[in-house]
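The structure presented is a predicted model; accordingly, all values stated were derived computationally and were not measured. Here is the naming used below: chain letters follow the sequence lines, and residue numbers restart at 1 for every chain.
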Amino acid sequence: MSDILLELKNLTVSIRRDKEDIPIVKGVDIAIPRGKIVGLVGESGCGKSMTAKSVMGILPGAARVSFGSILWHDPDGTVTDLTGLKEKELRKMCGTKIGMVFQEPMTSLNPMMRIGDQVAEVLLIHKLVKNRSEARDKVIQLLNEVGIPEPELRYRSYPHELSGGMRQRVMIAMAVICEPKLLIADEPTTALDVTIEAQILKLIRQMCEARNMSAIVITHNMGVVSRLCDSVYVMYMGRIMERASVRDLFSNPIHPYTRGLLSSIPRIGENSEYLKTIPGNIPESEKETVGCEFCLRCSEDERRCFFERPEETEAEEGHFVSCFTAGPGNEVHHE
Amino acid sequence: MSENVLISARNVTKSFKLPGNKRHIAVDNVSLEMYKGETLALVGESGCGKSTLAKLLMRLLDADSGEIIFDGTDISALSGRALRPFRKRMQMVFQDPASSLDPRMKVRDIIAEPLEVWNALGKKETDERVLELLEMVELKESAMYKYPHQFSGGQKQRIGIARAIALNPDLIVCDESVSALDVSVQAQILNLLKRLKKDLGLSCLFISHDLSVVNFIADRVCVMQARKICEINDAKSLYEHPEREYTRYLLSSIPTIQVKNVF
Amino acid sequence: MKGLAGRIIGVIVVLIGVVALIFVMLRIIPGDPASVLLNEHVSQANIDRLTRTMGLDRSLPEQFFGYLAGVLHGDFGRSYYIQQPVSNLIMEALPFTIKLTLLSIAFAWTFGIISGVASAMYNEHIIDYLFRGAALLGISVPVFMVALLLQYIFYFRLSIFPLTYDGSFASLILPAIALGWNSAGSIARLMRSELMEELDAPYMDTAKAKGLSYRKAVLVHALRNAALPVISLMALQLSGMLSGAVITESIFSIPGLGKLALTALQTRDMPLLQGTVLFTAFLIALGNICADLINTLLNPRLRTG
Amino acid sequence: MKKEKRQNAAADILRACLKNKAALIPGIIILIVIALSVFGPLLTHYDETSQDLLNRLMPPGNGHIFGTDELGRDVFTRVLYGTRVSLLVALLPTALAVAAGCAAGVCAAEFKGATDFIIMRLADIMLSIPGMLLAMVVLYTLGGSLTSVVISLVLIEWGGIAVVVRTATLEIRESEFVEAAVSTGAGRFRVMMRHILPNLVPTLIVLFTLNIPSSILSESGLSFLGIGIQPPDVSLGLMAGSSRQYLFQMPHLALAPAGMIMVLVLSFNFLGDALRDILDPGRRTL
């Protein structure tokens, strides 16, 4: 039994606009080990959400996986490519083996349905229960487990009657009720207040540990990654810039983008006059670049970045960086 | 001390009408003083009343009771014409850079609007002033004749800032002005605000839910909880020795990067 | 249900407004009604007598409140031309209009909803284009053209249905289709656009992530949310239908309210026209209250909020 | 400055329309129909009212493209003239109704309170009477004529427009950019002229285009029943109505004018849809 659960290989997602395919995820390789939580961080428009959605087969209308594969490793050694599955088989997979939690818990729940019914629906679709009342019992038990007080009463509530945190707990219950092996959380705490965020992060961690469940957490918040994840992938304009364990990444960030990003975050207990920033804006140009995606905003003075794309190299053990400055011959330097 | 106070609120209460004759109290009997030249941050979770309090201070909303005193004048009872001179001295930077700029106006007209409202300058001088403002917020001259939707979020927020400082106000209120932005852009805007504040001698009321951002920009911090002020103190003391249980809880909830970093 | 009471009071206020408006509009006519009604060779004494019996010698406000009081008791006055109480005439005509409208509502809802849902589900597919084209055609064709075409094809060419109304159910089918045609088009268009909007809603991603197939996700989740505005539209369309009924009833000789109003206009029968218009306004108010009620029952946010 | 800005906005919209096939094609059809009806007299050597009782009810052909009607008048010529009336009825009352509805809606949203209440109840009253029947009340009082048809159409339509404009105005007033303008000290008048009205323009254009079809349909319905426009004036609806009795012998007599109405209405509906997509600020990508 391999210890990898899900593997994205050279995944490319493009959006069709004006009869042209514009890649938004560009050949991404991600491996999710069993029982681990993997973070995928980046700023808006970097393609992190699209990566997650492509796993579930819920890419928006004009977008599609144009290249690469999404490999699911079953414990018995069989490997399935999710991109090659028929819609029906993929749907069976979703919910039972993969669960997903979305960013906006208000709109992600159907406003016209009782929350209990929405959670129970998952069981009924996949015929994991004999009848409604058995589903109901299971749901109430789980609602209790995710920390919803008075679950019998709350079963009959509509989404708008719950607070944001409670709704996100319902979403989590819905995602894990079939005991999936993988949880995909797309910005699970972005819409929540800090105190609620802390509770939800704790809950996700607990759920993963209790069920030996893996998770991909998509976020723009480095703090969330640091609290929740085991390893992390940093994404910029559709490409993975750097990947490492959380501890390695934060103690020794190597890629200029990662370093710029980390120094842009104001921190408590550290009072500098000004923040060190990444110059410029995230480019909106949809033209495929020849060189490194980050070259225009990069602080390193390397000419060849403009003409050549750096390969991923292992800068330290288990710490991979796509940057010429991080090559084996180059000294890793911090200013 | 009191001549140092720029704006203060005394026992201000504001409630909103809900359907079915109920009332929702948004700000409950709050008193607050803000000094000249300082950056005061209002922090709290959503629904704690921080935005409402800021709008009450700016008289964009009318308080149910209590007084708002701006530079020694009680402005809470003033209306219409009498209030206008004070409007000129307080300006606002909004949360959503996209919706706070009129989509059908060009950047030049957006930034020039406060100048035109006050008939401050002729057309040529207005253009010159707009250029000067664009330079201050680090935008190119070519931005003048574009529409807001042609800019990225960070650039739109720069336009909003240029509009706010156009009249050389005494006070600018930033209502969650950086929370909709990406980290790398947020840092640029924070730096810009800090620099402008220093260069122009502004006072700044900074509303945010993000305690790390507040720590970077604020001199004093006022924590609000459930429509009331929970704790108000110098930034340094508040972060190092929070007095109230709630403040401690809030601080401990921030998902900080826990590995000691090396820059 | 407090909101409903408020609504009903609002509707009553509006209905009184309707009475006042119609009352005034019908009386700013040049010349007095009595002499318009009788022809020119009648003596002044006869005109005066008629004026008195019709209550036209009283002041306008007096007449209005007298009329309003009558309306509240179900008395809409007497028809000049047919010499019967207006309320009787309306009650005789009402069943025909109700039958016609209900049948065409059934037609419009069925076709409108099915084609709207189909064209949203198969967006940009050939099915979508076909249904969208049909819907646009539906709202662009004059009612009388549909009616005449139907008569030409199904009576003259195919002899399947009778030409005009003869009391049988079969003879109501053509008029119902002619009348429902427009509504079917607008229901389909609204259904499509509402459903399209719901298809992009985040909860649809949730539904698919749960493992629901696309078709089921649309039918179970999106349709529920798209239904509310469509139901509101259906109530609004009652007004359009009663408008169309004037034409349809005239073409197919159905003795309903529309035909009654037309006769009233053609015979310059003021009390009859006034009564019919008021009564249709009342029907529409009733329809609106029903739609509100259904919306309140279906929408959990209104139910608890 | 102001003028230049407005021109540019108009040019932007026009450019977007030219690029958009869904707007361009119906636009061209409407222009052709307008040209046909304006230059109609040049295309035919018949008169719209001159009767030729020897050549009654002629089938199409023989110099009569659509044949002749029951009084021997050339149907093609009459359709061209009838289209003039339809276009007039399409544009004039709709423009008046949009103007009235816009004024009422903006006033209701701006002054709130009693003004709002009265205007909205008036609109409710209008909306709760079926259009056809409201028109019949007007026609009872004023008699059938072009003027009374125009008046009744304005009465039918303004209420619905006022409701939409009021909602749109309230939405714009709530927006942050208006709040921003108020906080810089801009007065009510300036906010109205510089922010609210310019942002209402797209709504008004769409309302205008989408109300044209209902105007045409209402007029044709009234005239069809013989209570709208009266002979000797020509109207497409009137033509269809008066040739109804020949439906089975000469279907084209009724269907030619009805078809013209359909073409017009369809084009305006298409154009309205396309304009709504182009102007919808949410999806606006100029």
*Asks:* Just do the side chain to side chain contact (heavy atoms under 4.5 Å, CB included) check on C:Ile139 and D:Leu266 with the steps written out, would you?
*Replies:* CA-CA 8 Å; C:Ile139 62 161; D:Leu266 202 58; over 6 Å; no
*Asks:* Does any backbone or side-chain atom of C:Ala285 lie under 4.5 Å from a heavy atom of chain D? Answer side chain, backbone, both or neither.
*Replies:*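 No part of it gets close to chain D.
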*Asks:* Please state whether the side chain, the backbone, both or neither of D:Phe248 comes within less than 4.5 Å of a heavy atom of chain C.
*Replies:*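 It is both, since atoms from each part get that close.
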*Asks:* Counting heavy-atom pairs closer than 4.5 Å to chain C, which one of D:Gly259, D:Pro213, D:Ala254, D:Pro251 comes out on top?
*Replies:*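 Of D:Gly259, D:Pro213, D:Ala254, D:Pro251, D:Pro251 has the most heavy-atom pairs under 4.5 Å with chain C.
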*Asks:* Can you measure from OH (D:Tyr140) to CZ (C:Arg268) and round to the nearest 0.5 angstrom?
*Replies:*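 One gets 5.0 Å once the value is rounded to the nearest 0.5 Å.
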*Asks:* Sort C:Val143 into side chain, backbone, both or neither according to what part of it lies under 4.5 angstrom from a heavy atom of chain D.
*Replies:*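 Looking at C:Val143, nothing touches chain D.
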*Asks:* Between C:Pro142 and D:Ser220, which heavy-atom pair has the shortest distance, and what is it?
*Replies:*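 Scanning both residues completely, I find the closest heavy atoms to be CB-OG, 4.3 Å.
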*Asks:* With a cut-off of 6.0 Å (strictly less than), are more than 12 heavy atoms of other residues, nucleotides or ligands near CZ of C:Phe76?
*Replies:*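 Yes, enclosed.
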*Asks:* Against chain D, label C:Ile247 side chain, backbone, both or neither, depending on which of its atoms sit under 4.5 Å from a heavy atom there.
*Replies:*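 Both backbone and side chain.
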*Asks:* Hey, could you give me the CE/OG1 distance between C:Met270 and D:Thr141, rounded to the nearest 0.5 Å?
*Replies:*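 Those atoms lie 9.0 Å apart.
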*Asks:* For C:Phe144 and D:Ile261: C-alpha separation, side-chain torsions, deciding distance, then whether side chain to side chain contact (heavy atoms under 4.5 Å, CB included) applies.
*Replies:* CA-CA 11 Å; C:Phe144 61 80; D:Ile261 295 171; 3.9 Å; yes
*Asks:* Could you tell me which portion of D:Leu217 (side chain, backbone, both or neither) has an atom closer than 4.5 angstrom to a non-hydrogen atom of chain C?
*Replies:*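 Interface part for D:Leu217: side chain.
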*Asks:* With a 4.5 Å cut-off on side-chain heavy atoms, are C:Leu148 and D:Phe224 touching?
*Replies:*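 A side-chain contact under 4.5 Å exists here.
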*Asks:* Need one label for C:Leu257: side chain, backbone, both or neither, based on atoms under 4.5 Å from any heavy atom in chain D.
*Replies:*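 Neither; nothing under 4.5 Å.
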*Asks:* Side chain, backbone, both or neither: which part of D:Leu155 has a heavy atom under 4.5 Å from chain C?
*Replies:*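 Just the side chain, heavy atoms under 4.5 Å.
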*Asks:* Roughly how far, to the nearest 0.5 Å, is OG of C:Ser140 from CZ of D:Phe268?
*Replies:*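 Reported to 0.5 Å precision, the distance equals 11.5 Å.
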*Asks:* Does any backbone or side-chain atom of C:Tyr155 lie under 4.5 Å from a heavy atom of chain D? Answer side chain, backbone, both or neither.
*Replies:*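 When you check distances to chain D, only side chain atoms of C:Tyr155 fall under 4.5 Å.
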*Asks:* Under 4.5 Å from any heavy atom of chain C, what part of D:Leu122 do you find: side chain, backbone, both or neither?
*Replies:*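 Neither part; nothing is under 4.5 Å.
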*Asks:* Would you mind checking which part of C:Leu21 comes under 4.5 Å of any heavy atom in chain D, side chain (CB onward), backbone (N, CA, C, O), both or neither?
*Replies:*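 For C:Leu21, side-chain heavy atoms alone lie under 4.5 Å from chain D.
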*Asks:* Heavy atoms, side chains only, cut-off 4.5 Å: are C:Tyr152 and D:Leu255 in contact?
*Replies:*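 Of all side-chain heavy-atom pairs linking D:Leu255 with C:Tyr152, none is under 4.5 Å.
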*Asks:* Out of C:Ser239, C:Gly258, C:Ala264, C:Ala20, return the one with the most heavy atom pairs under 4.5 angstrom to chain D.
*Replies:*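 Most pairs with chain D among the choices: C:Ser239.
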*Asks:* Go through D:Ala135, D:Gly144, D:Gly221 and name the one with the most non-hydrogen pairs under 4.5 angstrom from chain C.
*Replies:*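 Of the options given, most contacts go to D:Gly221.
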*Asks:* Check whether C:Leu15 gets within reach of chain D through its side chain, its backbone, both or neither, counting any heavy atom under 4.5 Å.
*Replies:*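 Answer is neither: C:Leu15 stays 4.5 Å or more from chain D.
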*Asks:* Please identify, among D:Gly143, D:Ala258, D:Ser267, the residue contributing the most non-hydrogen atom pairs under 4.5 Å to chain C.
*Replies:*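 Max contact count across the listed options: D:Ala258.
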*Asks:* Highest number of heavy-atom pairs under 4.5 Å with chain D: which of C:Leu137, C:Leu149, C:Leu265, C:Val277?
*Replies:*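 Option with the top pair count is C:Leu265.
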*Asks:* Run the side chain to side chain contact (heavy atoms under 4.5 Å, CB included) test on D:Arg244 and C:Ile251 for me, step by step, so that the C-alpha distance in whole Å, both residues' side-chain angles and the decisive distance to 0.1 Å come before the verdict.
*Replies:* CA-CA 9 Å; D:Arg244 217 174 103 194; C:Ile251 295 179; 4.3 Å; yes
*Asks:* Tell me which of these, D:Leu133, D:Leu225, D:Ile129, D:Asp124, has more heavy-atom pairs under 4.5 Å with chain C than the rest.
*Replies:*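 Top count of heavy-atom pairs under 4.5 Å with chain C: D:Leu225.
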*Asks:* So for C:Gln151, is it side chain, backbone, both, or neither that comes closer than 4.5 Å to the heavy atoms of chain D?
*Replies:*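 Both backbone and side chain.
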*Asks:* Mind listing the closest non-hydrogen atom pair of C:Ser243 and D:Gly131 along with its distance?
*Replies:*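 In terms of heavy atoms, the two residues are closest at OG-N, 3.1 Å.
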*Asks:* Return the minimal non-hydrogen interatomic distance between D:Ser128 and C:Val14, and the atom names on each side.
*Replies:*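 In terms of heavy atoms, the two residues are closest at OG-CG1, 3.6 Å.
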*Asks:* Taking atom CG of D:Asp273 and atom CZ of C:Arg132, what is their separation to the nearest 0.5 Å?
*Replies:*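 If we round to the nearest 0.5 Å, D:Asp273:CG and C:Arg132:CZ are 8.5 Å apart.
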*Asks:* Relative to chain D, which segment of C:Arg189 carries a heavy atom at a distance below 4.5 Å: side chain, backbone, both, or neither?
*Replies:*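 For C:Arg189, side-chain heavy atoms alone lie under 4.5 Å from chain D.
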*Asks:* For D:Val137 and C:Leu273, work out which heavy atoms get closest and say how close.
*Replies:*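 In terms of heavy atoms, the two residues are closest at CA-CD2, 4.3 Å.
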*Asks:* Taking side chain as C-beta onward, heavy atoms only, is D:Met132 less than 4.5 Å from C:Leu242?
*Replies:*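 No. Closest side-chain heavy atoms not under 4.5 Å.
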*Asks:* Please step through side chain to side chain contact (heavy atoms under 4.5 Å, CB included) for the pair C:Leu262 and D:Met136, ending with a clear verdict.
*Replies:* CA-CA 8 Å; C:Leu262 190 61; D:Met136 286 163 79; 4.1 Å; yes
